[in-house]
K.L.:
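I have a structure here, written as C-alpha cells, and I will follow up with some questions on it.
Within every chain, numbering begins at 1; the chains are lettered A, B, ... in the order of the sequence lines, protein sequences first and strands thereafter.
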Amino acid sequence: MTHKTGQLPINDSAAVQLSVRQWLCALGLSFGLAWLLPEAWTAFEPFEPVQHYRVPYELSEDYWLYERWLDQIPPDVISVVGDSVVWGEYTAHDGTLSRFLGDATGMPFANAGINGLYPLALWGLVEHHGSALAKRRVLLHCNLLWMSDPEADMQLAKEQVFNHPALVPQFAPRIPCYRGDIDMRLARALERRLEPLSWVRHLQQTYFSQKSAPEWTLADDGKFPPAYPNTYRLPVGIPLSSELPSVKRGLSSERHKPWSANQSGKANMEWVTPENSLQWLAFRRLANRLQGSGSNLLVVVGPLNEHIMNDATLEKHQVFLTAVTAWLSVEGIRFVVPEVLPSDEFADASHPLTEGYERLAKRLVADPVFKTWLAQ
Amino acid sequence: MLFHTWTFFIFFIVTIVVFWALRPTRFWLHWILLASAVFYGWWHPYYLLLVFYSTALDYFIVSWMERGPRLAKLGWRFSASVVVLVGAVVVGLMAPGGWGGLAAAVGFFAVVLAVGHWLRSRRAWLWVSIINNLSVLVFFKYAGFAIENLNTLLARLGAGQLPSAESLMPPGWEYVLPVGISFYTFQSMSYTIDFYRGIIAREPSFVRFAAFVTFFPQLVAGPIERAKNLLPQFSKTPRVTLADVSDGASLFLVGLFKKVVLANYLGPYVDRVYGDVATQGGAALALATFAFGWQIYFDFSGYTDMARGVARCMGFRLMLNFRNPYLAVSLADFWSRWHISLSTWFRDYVYIPLGGSRVGRIKLWRNLLITFVVSGLWHGAAWTFLIWGMLHGLGLIANRGLEQAAWWRDRCPRLAKRLVVFAFVCFAWVFFRAESLGQAVEILQRIFTTGWTDPRMPLLLLLLVVSVWVYQFVYESPLHSWLEKPPVKVGLAVVMILWMLLFAPGGGEPFIYFQF
C-alpha cells in the first residue's frame, strides 16, 4: 500500500512518513544490516588470541567476545568453564588451571572462564552465549563457595549489587536480592537473545569504556576539577587478543600470596541447604544443559580452602558436598572431587595460587575418572 | 509508564491487539478506559482518584448545566452536598492528624457544589467546574510555592507561619505533583467551557467521556485535545487502516529518535554546565542554553510524536503540537508552532475572553502579558516560570512593534529573523531551566561578561543538532520534495533505527514536560 500524496504532513519537524511498503524496506534493511554488521565486524577487528588466552578482566561483560573466543577454540581443545577460579583471579593468564592441565596431559585446554561469574550467571552465559560448547569436551568447575552462605547464594531480601546481572535469570527463578525494574529485566533478557545487541555491548566495552558512544563523549575523568578527555577524541579500545599487564595478578603481584599472610582467622560459614540453594539449582540446570546439548562433561567440585573453615563449617561443607556428589551420580555426570590443596597454595577461601593450580592439575590428571574421560 | 521503555512496548502490544479484537463489539471503549487507567495508575494508583474526580466532576456538571433550568427546586443533590459538608466539618474537627486537610478539601468542594445546586444556572455551574478543577491543580502545583512565599512575608511581619502543604495530606499519602495533572485538567475544563459556549453537545456516555479525558497516549503530556476534535472520534468504532499503522509507526519512530538519541544526549551536557554555573565561561553557558532549547524541543515534541503515533495506530488522530518552532520568523510565529495545543488553549480561554487583539494598544499589551504570565505559571510554581512567561509577553509586544517597521518586515532576511527569534527564545529558556531567579541572572551575567573557555560540547552532539536544524531548513524550503523521495525516507528511517540500536544511551529518562 502506498501513501496518498498531497496530504498534510503528519509530523512537525521530521515528517519521515513511510508507507507500508517503505516500512518493510526500512525494517528489512535495518535488521539485515544489524545482523550482518557483527559478522562483518569480525573481518575488520583482528582477534588472534595469545597462548593461554583468557577473556581480559576489563572485558568480563563482553559476552560477544566470549562467544567469539569459544567459536575460535578448535573442536579438539577441551574448554574449562567456570568462574574466577577457572579464570585465575590471582594469577597471570599463563598460571591458570587450563594451562597446567595442558602441561600435565600434553593435550590442549582452553580457559573458558570469566571473572566474576557464579552459578546463576554461569548458567546464563552457557545458555545464551555457549552454543559452541555443544558436542565438545567440557570441564566444568563447581565452586561450592557460592552456597556457603545466604548472601553468596543471593537469597537475602536486601538489595545487592553483583557482577554480570545481565546473565542471571531475569524473571524466574526469582532472585530476592536482584531489584532491577521490569524495563531493565526485559532489556537484559532481550540483549542476550539478540546478537546485534550483544555486539553493541562489545563495542561499548571495548571502545567506549563500558558506556554508550554518546555517554563516552560526555564522560569526565573522575578527578576534581573534572576534565572531559573524550569530547573531541576518537575511541581507542582495549586489546582483545591479550590482556593488559596487571599489578593485581601474577607471581610478582602483591596479592599473589597465601591467605594466611593476611592474618585472617578461621571463618564460620552458615551454608544454605542444597534444596533451597539458588546457586546449586542453577548449577544443576547448567550441568543438565551442557549434558543435554551433547557435551562430554566432567565436573570438578572444588576444592575449597578447608583450612580456612572452623569445625562447624567443615561439617556443613561435607554435608553439602555429599549432596552434590549424590546428585551428580544420580544424573550420570562424571565428576572428580580433588583432595584439598595445601594451605599456602590458596589465596583465599576458593582461589588457588599459581602453585595450587599446578598441583590441582597434576592431581586431576592422576584421577581415574579424569583419565577415563580424557581417553574418550 | 514511559513510551520509550520495554514496559510500554509490551503494554501497547497487549492493548492494541485486544483493542483490534474488540473493535467489532461495543467493549473497545471500555478497554481503552481500562488500558488508560493501567497506564496512568502505573505511576501511582492514587493518581487515578484525581483524574477520575476531575472527569466525573465535569461530566456531571455539564449534565446539570444542561438540565439546570429544568431543576426548578432544590433537589436531593443540594441536600447531599450539605450533608457532605457537615460530615466534612465533623470529621475535620474530630479526625486526628492530617485527615483534617482532606476533610477541609471535601468540605470546600461540597460548599462549591451546594452553591451550584442553589443557583442552578449555566454560569454558576461553569464557575463550579473552574473553581473545582483549579483548586485541585492549585493545591498540588502551587500550594507549596504560595505557602513558602507567604511564610517569608509573615516572618518579616512577625506573624505566625502557615502549615506546609505536605501537612494537609492524609497520613501516609505523599504530597507529589500528579503526572500530567495540568494537561488533563485543562482538557476536561475545555469540555465544560465549550459546552457552556454552545460549541459542543453534551456527551451522554460517562465511559466515552472518561475515555476521552484519560485516553492514555495524550493523558500525561498532551496534546491537550479539545472535545470537538477528539470526542467524536470515540463516538464511532475507529477505522484502522494499514496506512494508519504505518503513519503511526513513522511518528513513533521519529519521536523515539528525538527522545532517546537527541534529548537524552543533550540532557547530560546541559545538566553538567547548568549544574556548575560558577566555573563555566560565557561560551559554555551560551552553548548549554542553546542545547537546552533543543533538548526541551526534542523531548517534548518527541513525546508528542510518540503519543500521536500510538493514537494513530488505534485509528485516532491527535492534533499537531509542534511545527518546526525554531524556524519561526517572529515570536507570534513561534507560538503558532510551539506547544500548539496549549497556546491555542490560552488563546481561546484566556486571551480572547480578555478582549484579544480587538482592543486598544494598552489593553492588547495587557492581554498579551496576562496570557503569557498565566502560561508561564502553568508550567510550574516558581518565579523563573513567571519571568519566562512575562519575557515572552514582552517579546510579543516588541515583535508587534518591529513588524510595523519596514526595514524589519520587508528588508531583513528570513534567516536573520529566524536567528533573532531563536536567540530570544533561548534567552528566555535561561529562566525556564535555571534552578532559581538568582541562578538565571548569574548565567546571563556570565554569558555576557566572562571570557572564552572551552565549552567541551561533544563534537558528535553538535553535529547531530546541526544536522537536524539543516534538515528542518530543507524541510521548509523548496527542496522539500527531495525529502519526500522514497529512498531518502527509507534511508532516514534506517539511519534512525540503526543509530538507536548502536548508540542510544540506556536508561528510561523521564520526559521534561511530565513535571508540568
Side-chain angles (χ1 to χ4, degrees), chain A residues 1-5 7-34 37 181-190 194 196-197 199-200 203-204 208 211-220 225-228 230-233, chain B residues 2 5-7 9-10 241-243 245-247 249-251 253-254 257-258 261 264-265 268-269 272 279 297 301 304-305 308 312 320-326 337 454 456-461 468 471-472 475 483-484 486 489-494 496-498 501-506 508:
Chain A
M1 179 178 285
T2 54
H3 223 285
K4 285 179 191 168
T5 52
Q7 287 181 337
L8 279 176
I10 53 164
N11 205 343
D12 48 341
S13 55
V16 183
Q17 186 180 5
L18 278 73
S19 65
V20 175
R21 199 177 294 163
Q22 289 162 357
W23 256 114
L24 291 175
C25 283
L27 288 176
L29 268 172
S30 303
F31 290 117
L33 280 171
L37 276 172
D181 61 24
I182 291 180
D183 273 310
M184 194 178 280
R185 289 168 192 257
L186 282 169
R188 284 172 172 165
L190 269 179
L194 301 175
L197 298 180
W199 174 64
V200 169
L203 297 182
Q204 293 180 354
F208 299 109
K211 296 178 173 69
S212 71
E215 285 167 340
W216 181 81
T217 63
L218 287 163
D220 62 40
Y228 301 93
N230 307 326
T231 307
Y232 311 117
R233 235 174 67 183
Chain B
L2 302 168
T5 57
W6 290 109
T7 315
F9 183 73
I10 289 173
T241 63
L242 269 178
V245 177
S246 70
D247 283 354
S250 305
L251 279 165
L253 173 68
V254 172
F257 183 79
K258 282 181 181 173
V261 173
N264 285 2
Y265 193 3
Y269 175 72
R272 182 218 289 173
T279 64
Y297 165 68
S301 73
T304 307
D305 289 341
R308 294 178 67 224
R312 190 64 167 267
L320 190 71
N321 215 12
F322 291 87
R323 199 165 46 81
N324 296 334
Y326 292 144
R337 293 161 172 266
D454 186 350
R456 287 283 172 190
M457 185 185 211
L459 212 54
L460 182 66
L461 181 58
V468 173
Y471 177 91
Q472 293 191 346
Y475 185 73
L483 296 176
E484 287 294 310
K489 289 201 285 186
V490 170
L492 283 169
V494 170
M496 283 192 277
I497 292 170
L498 286 182
L501 183 73
L502 299 181
F503 300 125

K.L.:
For the CD1 atom of B/Ile10 and the CG atom of A/Leu186, what is their distance to the nearest 0.5 Å?
P.N.:
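Between atom CD1 of B/Ile10 and atom CG of A/Leu186 there are 4.0 Å.
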
K.L.:
Is it the side chain or the backbone of A/Trp216 that comes within 4.5 Å of chain B heavy atoms, both, or neither?
P.N.:
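Answer is neither: A/Trp216 stays 4.5 Å or more from chain B.
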
K.L.:
Specify which of A/Asp183, A/Thr217, A/Val200 makes the most heavy-atom pairs with chain B at under 4.5 Å.
P.N.:
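So the answer, after comparing A/Asp183, A/Thr217, A/Val200, is A/Asp183.
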
K.L.:
Please classify the contact of B/Leu502 with chain A as side chain, backbone, both or neither, using a heavy-atom distance under 4.5 Å.
P.N.:
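For B/Leu502, backbone and side chain are both near chain A.
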
K.L.:
Go through the atoms of B/Arg272 and report whether side chain, backbone, both or neither lie under 4.5 Å from a heavy atom of chain A.
P.N.:
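For B/Arg272, the side chain is the part near chain A, not the backbone.
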
K.L.:
Between CG of A/Leu29 and CG of A/Leu24, what distance do you get to the nearest 0.5 Å?
P.N.:
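Reported value, rounded in 0.5 Å steps: 11.0 Å.
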
K.L.:
Determine the option with the most heavy-atom pairs under 4.5 angstrom with chain B, choosing from A/Leu27, A/Leu190, A/Leu203, A/Asp220.
P.N.:
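Heavy-atom pair counts peak at A/Leu190.
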
K.L.:
Should we count CZ of B/Phe9 as having more than 12 external heavy atoms under 6.0 Å?
P.N.:
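Counting other residues, nucleotides and ligands, CZ of B/Phe9 stays at 12 neighbours or fewer.
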
K.L.:
Rounded to the nearest 0.5 Å, how far does CG of B/Leu253 lie from NZ of B/Lys258?
P.N.:
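CG of B/Leu253 is found 11.0 Å from NZ of B/Lys258.
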
K.L.:
CG/B/Leu320 to CG/B/Asp305 distance, rounded to the nearest 0.5 angstrom?
P.N.:
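The CG atom of B/Asp305 is 8.5 Å from CG of B/Leu320, to the nearest 0.5 Å.
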
K.L.:
A/Tyr228, A/Trp199, A/Phe208: which one forms the most heavy-atom pairs within less than 4.5 Å of chain B?
P.N.:
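When all of A/Tyr228, A/Trp199, A/Phe208 are compared, A/Tyr228 has the most.
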
